[in-house]
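Below you'll find the structure, written out as structure tokens, and then a few comments.
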Amino acid sequence: MDPETAGGAVERHLIRYSGRAAFTPEVITRAAGTSVYTESGRELLDFTSGQMSAILGHSHPEIVATVREQVAHLDHLHSGMLSRPVIDLTRRLAETLPDPLEKALLLTTGAEANEAAVRMAKLVTGRHEIVSFARSWHGMTQAAANATYSAGRKGYGPAAPGNFALPVPDRFHPDIVDAEGVLDWRRQLDLGFDLIDAQSVGSLAACLVEPILSSGGVIELPPGYLAALAQKCRERDMLLILDEAQTGLCRTGDWYAFEHEGVVPDILTLSKTLGAGLPLAAVLTSPEIEQQAYDRGFLFFTTHASDPLLAAVGNTVLDVLVRDHLDKRARELGTALRGQLDELAARHDVVGDVRGRGLLLGMELVGDQVPAAGGADRLGAAVTRRCFELGLHMNIVQLPGMGGTFRIAPPLTASDEEIARGVAILDQALTDAVRGL
């Protein structure tokens with residue numbers, strides 16, 4: 001299909017589902033490793049790992065082999081039936097986690113996992129109020145969307161009662177500072193919960209947060225913050241739910257981002273990375289919470305719960321992560337990438353901040369150097385467009401009151417050469433975009 005025909009078909013038939021963001025200007029025909037390829041034959045380095053998911057790169061040969069074998073043998077069952085891949089994956093996931101996270105529910109998406117986690121928390125506590133960050137993204141289904149504040153709230157009618165926003169501890173844009181002008185996150189956290197307590201009707205059930213806010217601008221929680229948040233939850237008999245859809249399974253250099261702080265959640269949700277690009281998600285919790293939920297009749301029955309095909313993929317993902325020591329690889333490659341991005345920041349005034357951990361990094365643009373051209377919003381769009389033209393796919397988060405922040409998350413299997421090539425393209429794109437504006 002030629003580009004004009006493809007463009008006409010897109011305009012005529014596709015519902016535009018990404019807010020005001022546009023689709024990429026070329027049709028993708030295949031993907032392999034760290035690259036995707038267009039109908040015109042162009043190669044694009046993929047620094048978003050698909051939808052932040054393909055931690056093993058695209059079309060990993062072992063994933064391909066697993067899908068081919070499993071789909072011909074056992075692909076889908078009634079959700080009440082169990083298969084060996086499901087039993088094995090739940091056991092193996094528990095073995096990667098600290099006690100008491102031993103019980104697992106396998107689902108298909110992060111939104112679905114968060115939906116199940118919130119539903120479980122409400123049932124177990126007998127309460128309904130949910131706290132999440134003011135720039136959170138947890139999904140677009142009902143409870144997940146109600147706990148999402150970074151986008152998608154306006155125009156859809158009333159949100160469920162009892163959803164509260166907690167201020168984001170953003171060290172680059174601090175809203176409460178100490179005498180040195182540095183973010184005072186402890187005071188911010190105290191004030192945040194003072195407001196929540198004032199609004200609560202006495203029914204606080206859970207706090208649902210990401211240990212690194214991804215769509216919120218790649219915000220890494222300050223050291224000590226997660227432990228302090230867990231204490232706030234304990235004081236109110238709330239459950240702590242950690243959404244590690246994007247940070248789990250070696251992406252940040254640890255198997256799970258919460259390990260960095262030594263805080264174990266009551267409920268953990270996984271997706272994206274667990275299927276390495278295929279639709280697999282999980283909810284994990286303690287035997288005690290699972291028993292309480294079961295005793296109260298916990299119901300979360302979906303068509304693709306415990307599907308054997310996707311569970312088999314999850315087992316292969318764990319095989320590769322363990323065998324190839326990809327937690328260590330993410331630390332090493334992330335350190336190299338961070339150093340190269342810091343060099344860009346030193347040479348480009350429009351780069352205001354570089355942050356993140358492992359292979360989930362953020363690079364924030366500031367518009368001070370191009371105020372007449374519309375500031376960081378137009379600059380971010382121009383850099384993204386120029387990266388695409390030069391052969392690099394990037395994703396930028398643009399939130400009100402902030403500059404544009406690139407979410408940089410290449411596959412854990414990327415080579416040193418691919419990382420360097422991607423940074424070189426970004427370097428050129430920054431130069432060209434500033435000059436053009």
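Just so it is clear, the values below take in all heavy atoms, side chains as well, and ignore hydrogens, waters and symmetry mates. Remember, predicted model here, so these are calculated numbers, not experimental data.
When all heavy atoms are compared, the tightest approach of Leu240 to Ala230 is CD2-CB, 3.9 Å. Contact between Leu274 and Val317 at its shortest, heavy atoms only, is O-CG2, 3.5 Å. The shortest non-hydrogen separation linking Ala116 to Leu105 is CB-CD2, 4.2 Å. The shortest heavy-atom contact between Gln188 and Pro169 is OE1-CA, 3.4 Å. Gly422 and Leu392 get closest at one heavy-atom pair: O-CD2, 3.4 Å. Across all their heavy atoms, Ala293 and Leu123 have their closest contact at O-CD2, 3.6 Å.
Side chain of Ser79 to backbone of Thr303: a donor-acceptor contact under 3.5 angstrom is found. No donor-acceptor pair closer than 3.5 Å links the side chain of Thr125 to the backbone N or O of Leu239. Judged by distance alone, with hydrogens and angles left aside, the side-chain atoms of Glu115 form a donor-acceptor pair with the main-chain N or O of Ala143 at under 3.5 Å. Side-chain N or O atoms of His348 include none that pairs as donor or acceptor with a backbone N or O of Val350 at under 3.5 Å. Side chain of Arg355 to main chain of Gly217: a donor-acceptor pair is present (N/O by atom type, distance under 3.5 Å, no hydrogens or angles). With Ser53 contributing its side chain and Gln51 its backbone, the two residues share a donor-acceptor pair below 3.5 Å. For Asp307 (side chain) and Leu309 (main-chain N/O), no donor-acceptor pair under 3.5 Å exists by modelled atom type. Between the side chain of Thr148 and the backbone N or O of Ala144 there is at least one donor-acceptor pair closer than 3.5 Å. Of the possible donor and acceptor atoms, one in the side chain of Thr413 sits under 3.5 Å from a partner among the backbone N and O of Leu56. Of the possible polar contacts, one joining the Arg127 side chain to the Asp237 backbone as a donor-acceptor pair under 3.5 Å is found.
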For a quick test of your reading: what N or O donor-acceptor pairs under 3.5 Å do the side chains of residues 257-264 make, sequence neighbours left out?
residue : atom : partner : partner atom : Å
Glu259  : OE1  : Trp255  : N            : 3.2
Glu259  : OE1  : Tyr256  : N            : 2.9
Glu261  : OE1  : Gly224  : N            : 3.0

List, one per line, each side-chain donor-acceptor pair under 3.5 Å for residues 203-211, sequence neighbours excluded.
residue : atom : partner : partner atom : Å
Ser203  : OG   : His128  : N            : 2.9
Ser203  : OG   : His128  : ND1          : 3.0

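Between the side chains of Thr247 and Glu244, at least one donor N or O sits under 3.5 Å from an acceptor N or O. Neither side chain, Asp170 nor His173, offers a donor N or O lying under 3.5 Å from an acceptor on the other. Side-chain contact annotation: Asp295 with Gln291, donor-acceptor N/O pair under 3.5 Å present. Between Arg251 and Ser49, the side chains place a donor N or O and an acceptor N or O closer than 3.5 Å (distance only, hydrogens not considered).
Under the 4.0 Å criterion applied to side-chain N and carboxylate O atoms, Lys103 and Asp266 are not assigned as salt-bridge partners. Here Arg338 pairs with Asp342 in a salt bridge; the nearest charged N to carboxylate O distance falls below 4.0 Å. Between Arg92 and Asp319 there is a salt bridge, since a side-chain N of the basic residue sits under 4.0 Å from a carboxylate O of the acidic one. Ion pairing between Arg323 and Glu62 holds under the 4.0 Å rule for side-chain N and carboxylate O. Salt-bridge check for Asp353 with Arg171: failed, with every basic side-chain N at 4.0 Å or more from each acidic carboxylate O.
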(request) Determine, step by step, whether Leu321 and Thr96 satisfy the side chain to side chain contact (heavy atoms under 4.5 Å, CB included) criterion, reporting the C-alpha distance in whole Å, the side-chain angles of both residues, the deciding distance to 0.1 Å, and the verdict. (result) CA-CA 11 Å; Leu321 291 174; Thr96 70; over 6 Å; no

(request) Take Phe133 and His138, measure what ring-ring contact (aromatic ring centres under 6.0 Å, His included) needs, and give me the verdict at the end. (result) CA-CA 10 Å; Phe133 281 128; His138 297 295; 8.6 Å; no

(message) Applying side chain to side chain contact (heavy atoms under 4.5 Å, CB included) to Asp416 and Leu333, what does each step give before you reach the verdict?
(response) CA-CA 7 Å; Asp416 294 342; Leu333 204 56; 3.3 Å; yes

(message) For a salt bridge (charged side-chain N to carboxylate O under 4.0 Å, His left out) check, start with the C-alpha distance between Arg187 and Asp178, then their side-chain angles and the critical distance, and finish with the verdict.
(response) CA-CA 9 Å; Arg187 184 164 168 246; Asp178 60 18; over 6 Å; no

(request) Begin with the C-alpha distance, continue with both residues' side-chain angles, and end with the deciding distance and a verdict on side chain to side chain contact (heavy atoms under 4.5 Å, CB included) for Leu221 and Leu229. (result) CA-CA 10 Å; Leu221 301 182; Leu229 178 62; 5.5 Å; no

(request) Determine, step by step, whether Leu249 and Leu412 satisfy the side chain to side chain contact (heavy atoms under 4.5 Å, CB included) criterion, reporting the C-alpha distance in whole Å, the side-chain angles of both residues, the deciding distance to 0.1 Å, and the verdict. (result) CA-CA 10 Å; Leu249 299 171; Leu412 279 54; over 6 Å; no

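Between Phe193 and Glu235 the shortest side-chain heavy-atom distance does not fall below 4.5 Å. Looking at heavy atoms from C-beta onward, Ile267 lies in side-chain contact with Val283 at the 4.5 angstrom threshold. No side-chain heavy atom of Thr141 sits under 4.5 Å from any side-chain heavy atom of Thr109. Two residues are said to be in side-chain contact when any heavy atoms from C-beta on lie closer than 4.5 Å; Leu166 and Lys232 fail this criterion. Side-chain contact between Val131 and Glu129: absent, with no pair of heavy atoms (C-beta onward) separated by less than 4.5 Å. Contact annotation: the side chain of Ile130 never approaches that of Asn146 to less than 4.5 Å [non-hydrogen atoms, C-beta and beyond]. Between Ser132 and Tyr149, some side-chain heavy-atom pair lies under the 4.5 Å cut-off. You'll find the side chain of Met394 reaches within 4.5 Å of the side chain of Ile408, heavy atoms only.
Between the CG atom of Leu93 and the CG atom of Asp88 there is a distance of 11.0 Å, given to the nearest 0.5 Å. The CD atom of Glu102 sits 10.5 Å away from the OG1 atom of Thr285 when rounded to the nearest 0.5 Å. How far CG of Leu284 is from CD1 of Ile289: 11.5 Å, rounded to the nearest 0.5 Å. Rounding to the nearest 0.5 Å places CG of Leu101 at 6.0 Å from CG of Leu268. Between atom CD1 of residue Ile419 and atom CG of residue Leu337 there is a gap of 5.0 Å, rounded to the nearest 0.5 Å. Here CE of Met52 is found 10.5 Å from CG of Leu359. Values are rounded to the nearest 0.5 Å.
Open room surrounds CZ on Arg16; 12 or fewer heavy atoms of other groups in view lie less than 6.0 Å from it.
Under the 30°/60° scheme for interplanar angles, the aromatic rings of Phe23 and Tyr17 are found to stand perpendicular.
Sorted by first and then second residue, the side chain to side chain donor-acceptor pair (under 3.5 Å) pairs with a member in residues 25-35 read Glu26-Thr38, Glu26-Ser40, Glu26-Arg42, Thr34-Glu418, Ser35-Glu43; sequence neighbours excluded.
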